[in-house]
Amino acid sequence: MSSIIEDLIARKIFNNRGEETIEVDVVTTTGFGRASAPSGKSRGKAEVIYYPAGGVEAAIKKVDELIAPEMAGLNADFQEEIDSTLHEIDGTTSFKSIGGNTAFAISLANAEAAANSHSLLLFQFLGGTTANTLPYPLGNCISGGQHARGKSPDIQEFLTLPYGAETFLEAATANTQIHKRIGEALRKKDKLFSAGKSDEGAWIANIADSDAFEFMAKACEEVGNELDFECGFGIDVASSSMWKEKERIYDYTNEGKKRDTGEQLEYTKELIEKYHLIYVEDPFHEEDFKSFAELTKLTKNCLITGDDLFTTNNERLSNGIKIGAGNAIIIKVNQIGTLTDALETIQHAQRHGYTCVMSHRSGDTTDWHIAHLAVAFGCPVIKTGVVEGTRIAKINELIRIEHFLGNRAKMAELKI
Ligand code: PGA
Ligand code: ZN
């Protein structure tokens, strides 16, 4: 039975930072879907624009007066048609008229409604019967940069990746233990440690980058030994936040060091070798495709990942592919607006051997759809924190999916 859209209902809700965001319900003749949009703090310049002038309220008005009447009568089963209608209604390349987050919430809620009308879970509906591989959870343990305050590390995120786990549940268990152990180590090191956490649930501490590396290495090794599988780790440098265009340097303010592009390349390479990093995101600013390509050539067994570099944008990915910039890509659907756009980028990345990392945003809701997208689209990694309500919403959904799949569930193949 087809699922014809009857109505779209939009409302204002809040994310984990208390910021306003949009939630949309899609009501069809035979199904129902609901999705809400996340929000980034260290956004890429090439991301779509989240809301029209006037913010969330203006976006809701657009849904009520313009989008809902236009979409009523369309068949929710045809996601591409739904998404191209959103582009047509908007009429810009940046979604600045209806808002990228408005498009995101409608696109995702529509897919959910279609799945629901076929009595399928979202990952089954989008991925079919072969969608049975679970991603490895990449989890933020220590926050720095724009995600923290005061004398915290300059690097934005220190992330665990338990790539030796045989099940998702085991992998998620490892991450919680590593996170906990790091908290204990921080308490021991600093009597004034207040156990504060960032939006993503990672520890905020008065430590240097070098301390954070040591804590991560130790906790991953110990937990890996106890659980008897490999737990690796990596970083999101989010270096666009450090880049000073005028001076052409990366400013590590807490470390008190400035690095030019050559020094940044050398430094990152040294860190990868010294700590056996298996994951490095945005080590160069968002327009420096060339340095990404150089680092990718110089390193082995490490996912060199573009987030702000690619912004889930297929054209930007094509630029990267041409010169071998990176070997992995962050997928944040709200960087590009719709499911169809994101899927195009994912498939293009996969055809060229890039590892796709499905990702949350630092500002997020308890929306768990990205858990399903990672399984449906065969993303071998999901970056969605370790603890904190909006992160656990996704982790727990993946535990449910693994449970649901039973014997058919397997872990993804990870090329590191
Ligand atoms: P966000 O950043 O604050 O834009 O979500 C997270 C990231 O850089 O991966
Ligand atoms: Zn990032």
Side-chain angles (χ1 to χ4, degrees), residues 15-19 21 36-51 100-101 104 135 137-149 152-161 197-202 204 233-243 250 268 277 279-288 292 295 302-313 316-317 320 325-337 342 345 354-365 367 369-370 374 379 381-386 388 390-391 393-394:
N15 68 18
N16 59 330
R17 286 200 270 261
E19 297 161 343
T21 187
S36 54
S39 160
K41 200 174 242 175
S42 59
R43 295 181 200 174
K45 283 202 195 80
E47 291 190 31
V48 294
I49 294 167
Y50 285 0
Y51 295 108
N101 267 2
F104 170 92
L138 177 67
N140 196 353
C141 290
I142 304 174
S143 274
Q146 291 212 345
H147 285 184
R149 267 154 234 97
S152 45
D154 291 304
I155 292 171
Q156 183 178 280
E157 297 166 32
F158 291 81
L159 304 140
T160 59
L161 185 54
K197 293 190 203 128
S198 66
D199 294 336
E200 294 191 0
I204 297 190
F233 76 102
I235 50 177
D236 179 1
V237 188
S239 69
S240 291
S241 315
M242 293 183 189
W243 176 245
Y250 293 93
T268 313
L277 302 183
Y279 183 88
V280 173
E281 182 178 330
D282 282 354
F284 305 101
H285 73 83
E286 59 205 314
E287 297 308 335
D288 193 357
F292 265 86
L295 182 67
C302 183
L303 297 171
I304 307 295
T305 310
D307 171 13
D308 294 347
L309 181 78
F310 296 133
T311 57
T312 318
N313 181 309
R316 292 182 70 89
L317 174 64
N327 52 28
I329 175 174
I330 282 277
I331 302 293
K332 292 171 171 165
V333 181
N334 88 321
Q335 285 183 326
I336 192 74
T345 306
Y354 278 60
T355 297
C356 292
V357 180
M358 183 58 65
S359 172
H360 65 174
R361 303 301 305 248
S362 57
D364 216 311
T365 68
D367 191 292
H369 285 106
I370 62 165
C379 301
V381 182
I382 185 165
K383 184 185 180 197
T384 187
V386 181
E388 195 272 329
T390 66
R391 322 293 147 191
K394 287 109 174 133

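We use all heavy atoms of the structure for the numbers below, so side chains are in, but hydrogens, waters and symmetry mates are not. All ligand and atom numbering here is 1-based and tracks the order in the structure.
- Proximity of S42 to ligand 1 is established by a heavy-atom distance of less than 4.0 Å.
- Residue Q156 approaches ligand 1 through these ligand atoms, each under 4.0 Å from one of its heavy atoms: 2 (O), 6 (C), 7 (C), 8 (O).
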I would like to know whether K383 and E157 meet salt bridge (charged side-chain N to carboxylate O under 4.0 Å, His left out); could you show each step before the answer? CA-CA 11 Å; K383 184 185 180 197; E157 297 166 32; 2.9 Å; yes

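- Ligand 1 is approached by K383 to a heavy-atom distance shorter than 4.0 Å.
- Using modelled atom types and a 3.5 Å distance limit, the side chains of N101 and N334 yield a donor-acceptor pair.
- Taking a 6.0 Å sphere around CZ of R149, one finds it holds 12 or fewer heavy atoms contributed by other residues, nucleotides or ligands.
- Within the 4.0 Å heavy-atom cutoff, K332 counts among the residues contacting ligand 1.
- Counted by atom type alone, S362 and R17 present one or more donor-acceptor pairs between their side chains at under 3.5 Å.
- Set against the non-hydrogen atoms of D307, the atoms of ligand 1 under 4.0 Å away are 7 (C), 8 (O), 9 (O).
- Closest N/O/S atom of D307 to the Zn ion (ligand 2): OD2.
- A salt bridge does not link K197 with E388: every distance from a Lys NZ or Arg NE/NH1/NH2 to an Asp or Glu carboxylate oxygen is 4.0 Å or more.
- Neither the backbone nor the side chain of H360 comes within contact range of ligand 1; no heavy atom lies under 4.0 Å.
- Of all the N, O or S atoms in E281, the one closest to the Zn ion (ligand 2) is OE2.
- Regarding atom 5 (O) of ligand 1, its nearest protein heavy-atom neighbour is S362 N, 2.8 Å.
- At a cut-off of 3.5 Å, with distance as the only test, a side-chain donor of Q156 or S42 sits close to an acceptor on the other residue.
- Contacts of D236 with ligand 1, taken as heavy-atom pairs under 4.0 Å, involve the side chain alone.
- Of all non-hydrogen atoms in N313 and I336, the two that sit nearest each other are CA-CD1, 3.9 Å.
- The nearest pair of heavy atoms linking A342 to V333 is CB-CG2, 3.9 Å.
- Atom 4 (O) of ligand 1 has as its closest protein heavy atom R361 NH2, 2.8 Å.
- Listed by number with element, the atoms of ligand 1 under 4.0 angstrom from any heavy atom of E281 are 9 (O).
- Between D282 and L309, the closest heavy-atom pair is OD1-N, 3.8 Å.
- The minimum distance between the Zn ion (ligand 2) and any N, O or S atom of D236 involves atom OD2.
- Counting protein heavy atoms only, atom 1 (P) of ligand 1 is closest to K41 N, 3.3 Å.
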